[in-house]
2 protein chains.
Amino acid sequence: MKRVITQMNLPKGRPRDQHADTKILEAALRLLERHGFRAVTLEGIAEEAGVARTTVYRRWPNKAAVVMDAFLTQVAPGIAFPEHPVAVERLRLQMQLLARAFRQGPGLLIRSLIAEAQFDEELRAAVHHGWIAKRRASAKAIIADAILAGELPNDVNADALLDTLYGGLYYWLLIDHEVLTEAYVDSLFATVLGPSSHMAQSKRFDCDRDVPGATSRIRSG
Amino acid sequence: MKRVITQMNLPKGRPRDQHADTKILEAALRLLERHGFRAVTLEGIAEEAGVARTTVYRRWPNKAAVVMDAFLTQVAPGIAFPEHPVAVERLRLQMQLLARAFRQGPGLLIRSLIAEAQFDEELRAAVHHGWIAKRRASAKAIIADAILAGELPNDVNADALLDTLYGGLYYWLLIDHEVLTEAYVDSLFATVLGPSSHMAQSKRFDCDRDVPGATSRIRSG
DNA sequence: TATATACGATGCACGGTGTAGCGAAAAGTT
DNA sequence: AACTTTTCGCTACACCGTGCATCGTATATA
């Protein structure tokens, strides 16, 4: 779908207006912030961008795809894993960044996108690859570092660990949004990793673990 | 507005067809199983039920409300907390019940409902009260029992504990559905509560007493 | 100049929603 | 029995967003 332009592969006709892309995405963000996902239409986005509706359709297949791109360009850069000498602390600090985003505008967007993805397999894949997978890969690398540093036992199930940690955040976002204070995020974190997370919690991990299905989990990321 | 019928408050005119309710809900379930939430329309439900479309609109405000009721009447009875002498085991066994439901037809329904609830505040409240809140109250009571029995430390944060446990399940359901084996559910559980929390024998007792009939429903006329 | 593509503008068929009005049916009330 | 009230099935309709097609025009390359 995406058209890659190289010197070997020159498009023949009138080139696409490069400004149109950003105009459309910015218009989408403006309208989304004002009216929410459901109330926003492709017609409205095109009008707000000063562009014909057909022009939008030439670049994205539907509204969800436009919003997905707008969301990624605006939000994704702001929630990278912070640096910290203690690896596990990097997880906690990033959870706090994510929670802050969830509390504000981006939270509404990601809610809408995940919701819409339940009905649109293509969007679901886009959310997964563009939003979930990258961060999850980074998190797994950090967990590996934490194990090497002795902050976590080496038999930790990284998938289950991340599902419980971030699952708690998404559960709040999508299902039970009452309060999401920094303290509560910390308590989510502490519930899984223990109150002093940078030290291995012998109480939780000292037994031999036999979780036979854990390695059978298939992941794309 | 809910219409409460008592002996003091008799409706004047022609009474509503009592069979229509169940006919509509059953028709909705049949169609949902066959075609999914998005493809199902109120028109189709009414036709399948052998009922006029206006009759459906007199009882529910929109499709999501009908589906919500159909879902609750079918699914909710099947996932009550099983009995077990070890309190914590009751949590684990119920997570397995829920996971089994998530893997099958009901999983698709609850996905659709939670998704739709992101755009419909009324439906969101209905999902919360009819689906989430009751089970969460039961779970908290069980946690209290577990603390009394010495299975959990008495300073445990029940909310955070449940958010991480069930958050992991819903995270799988809504965002990252690859495989959800029993073993993986156990590893989610073990990640939060430690492998030592009585994962030995799982005797299963049927116990449907958690769902006392009609739950809170959103209705129009 | 010839070719190829994007542009804005317009029109349109499609499908589902939610409401309104109709006469008939089914209950209670007098 | 006559009256009142409410639901019933049915039909009709306005509304809205979608997605596609088409048109003449603009802007690039060969």
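Note: hydrogens, waters and symmetry copies are ignored here, and every other heavy atom, side chains too, is used. Throughout, protein chains are lettered first and strands after them, A, B, ... in sequence-line order, and every chain is numbered starting at 1.
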Over how many whole Å does the gap from [X] atom [atom1] to [N] atom [atom2] extend?
X         : N       : atom1 : atom2 : value
His19(A)  : dG8(C)  : NE2   : P     : 13 Å
Lys12(B)  : dC8(D)  : NZ    : P     : 19 Å
Lys23(A)  : dC7(C)  : NZ    : C1'   : 11 Å
Tyr57(A)  : dG8(C)  : OH    : C1'   : 16 Å
Arg58(B)  : dA25(C) : CZ    : C1'   : 13 Å
Gln18(B)  : dT6(D)  : CD    : C1'   : 14 Å
Asp120(B) : dG18(C) : CG    : P     : 10 Å
Asp17(B)  : dT7(D)  : CG    : C1'   : 10 Å

Requested in this report: Indicate whether OP1 or OP2 belonging to dC7(C) is found under 4.0 Å from a side-chain N or O atom of Arg14(A).
Outcome: no

Report task. Quick one: which residue pairs count as a ring pair (Phe, Tyr, Trp, His ring centres under 6.0 Å) with a foot in residues 88-115 of chain B, not counting sequence neighbours? Result -> Phe102(B)-Tyr170(B)

Report task. Would you jot down, in residue-number order, the residues of residues 26-45 of chain A having a non-hydrogen atom under 4.0 Å from DNA chain D? Result -> Thr41(A), Leu42(A), Glu43(A)

Requested in this report: With a 4.0 Å heavy-atom cut-off, tell me which residues in residues 46-55 of chain A come close to DNA chain D, sorted by residue number.
Outcome: Arg53(A), Thr54(A)

Query raised in the report: Taking for each residue the nucleotide of DNA chain D with the nearest heavy atom, is it Ala20(B) or Pro15(A) whose nucleotide lies nearer the 5' end?
Result: Ala20(B)

Query - Heavy-atom side-chain contact between Leu25(A) and Val66(A) under 4.5 Å - result: yes

Query raised in the report: Below 4.5 Å, heavy atoms only, C-beta onward: do Ile143(B) and Leu91(B) meet side chain to side chain?
Result: yes

Query raised in the report: Between Lys63(B) and Gly13(A), which has a closest nucleotide on DNA chain C that is more 5'?
Result: Gly13(A)

Checking [X] now: which residues fulfil salt bridge (Lys or Arg N to Asp or Glu O under 4.0 Å) with it, not counting sequence neighbours?
X         : result
Arg135(A) : none
Arg53(B)  : none
Lys140(B) : Asp159(B)
Arg111(A) : none

**Report entry** Set of side-chain hydrogen bond (donor to acceptor under 3.5 Å, both in side chains) partners for Arg103(A), sequence neighbours left out
**Finding:** none

Requested in this report: Identify, with sequence neighbours excluded, every residue that meets ring pair (Phe, Tyr, Trp, His ring centres under 6.0 Å) alongside Phe37(B).
Outcome: Phe119(A)

